[in-house]
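Working notes for the structure below.
Naming convention: chains lettered A, B, ... in sequence-line order (proteins, then strands); numbering from 1 in each chain. Only this structure's heavy atoms are used, side chains among them; waters, hydrogens and symmetry mates stay out.
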Amino acid sequence: MRWLLLKDLQILRRSPLQATLLVVYPVLIALLVGFAISRDSDKPRVAFLNEVPADSRVSVGQTELPSINVDDRICGRVECVNVDTREEAEEEVRSGNVLAALVLPGDLVDQINSLSTQNPGTPTVEVIVNEEDPVKAQLVDDRISSLLAQANLVIAKRIAKEGGKFLNLVLNGGSFEVIGQSVEILGLRASAQILQALRPSLPPGALRESLDQVIRFTVLSRSNLDVGGVLISRLTQPIAVDKQVVSASTPPLEIFAIAVAATLTLTFVVVLLVAGSLALEREENAFPRLTRGLVSRSGLLGEKIGLGIAVGLVVTLLLLAGLELFVSLEWGRFGLWLVAILVGGAAFGAAGAALGAAAREVRTVSLLAFMVSLPIAFLSLIPSGAIGGGLYDVIEVVTALFPFKPSLRAMTAALDSAGPGIGGPLLHLAALTVVYAALARLALRRFAVV
Amino acid sequence: MDAVPVAFELMEASATAALEARGIVKRYGEREALRGVGFSVHSGELMAVIGPNGAGKTTLLTILAGIARPEEGEVHLPNGDVGWVPQQAALYRRLTVEENLLLFARLESHEDPRASVEEMLELSGLSDRRGELVARLSGGNQQRINIAIGLLSRPVVLLLDEPSVGLDPRQRARLWQFVSTLAERGTTVIFSTHDIQEAERYGKQLLVLADGESLFQGTPEELRDAVRREAPEAASSDFETAFVAFLHHRGH
């Protein structure tokens, strides 16, 4: 067995291009996928033209609100490319340099201020987009809608806050600035107290009954306006989010991305190597010679799986060590890493052996390995709830039949203590190893046909 | 380790028979590839298995090698093992000549694999090419290494499946010189071939198969005698023409 292993390593060493591709290509794919997943929902580049005069203020009634720093708020959520003219904004969008352009017209604040008048206008911002493909169009819609919703929320909160101050003035009284003059407002509370104090001095009769009506009005108004204040503040965000985590705590996104990268690397290295080297035995016509008594078929399968595990272990550990440059990993959990890689490698090796024995030719095997591994890997990354329940159930079944998903779970658990438990995925992988090894052994019967 | 499909019984055969087959029947579905084939071959003999396409030559050799299992019949190998050399070289093209030999010597559990490699390199005449990748060797030299690997199991009988296919005349001559040397050293060689002239020249014994039937076993001269008896019109023709006439006379 060890001589066959040595022979396979010699052959691998003799094919530097193949060996390099075998290692570099999966690592490259893994890194790209890992970074794609782990990338923060990064800020889209948006051309920004603010034509609103700098001294414009949103006002409530006759009171101007403080500046809400529109530029800072918008450019904190998107990557602003400041432009000076509308034409420049259009050109930026057309050239693809930015995802969209946002133009705040000069009369925007006036239009907002008109909302509290008898003749309200429609405050409008202009969005310029280049919908060259539907995916990009959807992305722009989502991002801009989200941005404007957030801007509306900020303005609504500010108006509600100022409105609340006026309401409080009506309720409790206080001083109020009008054209530079301070005016004292009595307020409903004080009014009711004064009226209550006056009441005993009036004789029973129609005048006293009228005063009682006014006292009841002030009390009722105060109570209802108290509720109104709460309602106004709620109006800006009527629904609050109370997030409850029902499943196990999840590891950080970058750890999950590293687990994805490591599992993808392990998948491609082991499946391709085992399937290819087994098919090579047939292409080189060596299989009948070997299995005439030199090595058993089960022994040959074991050697190929062992080769895949050994090379997969080295490449995956190198990948993890390389990623350590970017993200801090818990090296104290190295033992669990080894277990996850070895057990995952065994399952991928057995699956590769089944593919290699079934396809029998190296080129076919390579194509088949990619055709099977890549879609399964991507299907395994679809989160529950992202698609319909029935379809997700089908995907769950399909992905459970291939070692990628349990291997990803095991790797995630091995990399971070906040991940899911490792026992279940390891058992799943062990079961898949047995099943695929049995399938490979069966397929070798046909493999031997001269 | 898997059991070899065919039981090679150690039993009393004729005193000098290196291998004896009796009543071999092999079916592929409804089709009978071999129909009761039997023959014997003696130590140090070169036996050529000849016949038209589909006669059952390769099937017979794979059964003798233990790769395929017959439905009926027995193969007796009184002393030792058979070595199998498939038609296409079973070599690792990205290993050198020496590495290939060393691998199989180790897999054969030789006590001193490197000494065995030296022996095979000398026997095959490829000592000076030992460090070359097999992929860079000519077809003839690849076949010599292929045969040398077959010899590493120290077989008493060596089975060669169409060993000269694809070789040019010079390579053929060197190959047959190598095979003749093996026979001279006592190894029994059974080879299949389409080349009737080659069978006449190198085969001390001929086994003629057609449609899975054994039509003849004997020396080339005995086959000529049979042609004279059964197809006298072809008796003075060349060996190949005489052979075709013989087959025709036997209904094939």
Side-chain angles (χ1 to χ4, degrees), chain A residues 1-22 273 276-304 307 357 360-363 437 440-450, chain B residues 1-6 8 28 33 57-69 81-96 98-110 113 133-136 142-143 145-147 149-153 155 159 161-162:
Chain A
M1 186 90 76
R2 65 192 162 118
W3 302 122
L4 278 179
L5 195 61
L6 180 69
K7 177 266 298 180
D8 282 331
L9 291 173
Q10 276 178 319
I11 290 176
L12 206 57
R13 187 167 57 85
R14 290 275 158 72
S15 320
L17 180 65
Q18 190 181 334
T20 306
L21 281 177
L22 190 68
L273 187 61
S277 64
L278 189 60
L280 189 69
E281 297 292 359
R282 190 175 188 278
E283 274 199 0
E284 301 273 41
N285 306 307
F287 182 77
R289 177 168 264 168
L290 288 174
T291 53
R292 270 194 69 237
L294 299 180
V295 61
S296 68
R297 293 177 185 189
S298 301
L300 186 66
L301 282 180
E303 183 270 324
K304 298 300 176 198
L307 172 75
R360 308 198 292 177
E361 289 171 1
V362 177
R363 285 182 185 178
R441 185 66 181 78
L442 274 176
L444 277 188
R445 289 185 180 178
R446 201 171 66 93
F447 200 71
V449 173
V450 178
Chain B
M1 187 167 286
D2 291 351
V4 177
V6 178
F8 287 88
Y28 293 111
K57 302 186 292 293
T58 297
T59 302
L60 177 62
L61 260 61
T62 54
I63 287 171
L64 298 179
I67 292 170
R69 185 193 297 272
D81 200 0
V82 290
W84 163 246
V85 180
Q87 182 178 339
Q88 289 179 323
L91 302 168
Y92 296 105
R93 285 170 293 173
R94 285 181 186 156
L95 296 185
T96 64
E98 186 174 14
E99 285 167 347
N100 267 284
L101 287 167
L102 189 59
L103 168 68
F104 284 100
R106 282 168 168 164
L107 291 174
E108 293 281 2
S109 304
H110 284 209
L133 290 182
V134 164
R136 291 187 189 145
Q142 285 188 15
Q143 194 60 287
I145 296 299
N146 196 27
I147 293 170
I149 289 173
L151 288 169
L152 280 169
S153 62
L159 305 170
D161 188 10
E162 302 194 27

Side chain / backbone / both / neither for [X] at chain A, heavy atoms under 4.5 Å:
| X | answer |
| --- | --- |
| B/L102 | neither |
| B/T96 | both |
| B/Q87 | neither |
| B/N100 | neither |

What is the distance from atom [atom1] of [X] to atom [atom2] of [Y], rounded to the nearest 0.5 Å?
| X | Y | atom1 | atom2 | result |
| --- | --- | --- | --- | --- |
| B/R93 | A/L280 | CZ | CG | 7.5 Å |
| B/N146 | A/N285 | CG | CG | 8.5 Å |
| B/R106 | A/R2 | CZ | CZ | 8.0 Å |

Closest non-hydrogen atom pair between [X] and [Y], with its separation:
| X | Y | value |
| --- | --- | --- |
| B/L91 | A/E284 | O-OE1, 3.3 Å |
| B/L107 | A/L294 | O-CD2, 3.8 Å |
| B/L103 | A/W3 | CD1-O, 3.5 Å |
| A/R289 | B/P86 | NH2-CD, 3.9 Å |

Side-chain contact test, heavy atoms from C-beta onward, threshold under 4.5 Å: evaluate it for B/Y92 versus A/E281 and give yes or no.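 Yes. Closest side-chain heavy atoms under 4.5 Å.
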
Using heavy-atom distances under 4.5 Å, tell me whether A/L4 contacts chain B through its side chain, its backbone, both, or neither.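 A/L4 touches chain B through backbone and side-chain heavy atoms alike.
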
Judged by atom type as modelled, is there a donor-acceptor pair below 3.5 Å linking the side chain of A/R14 to the main-chain atoms of B/R94?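 Answer holds: yes.
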
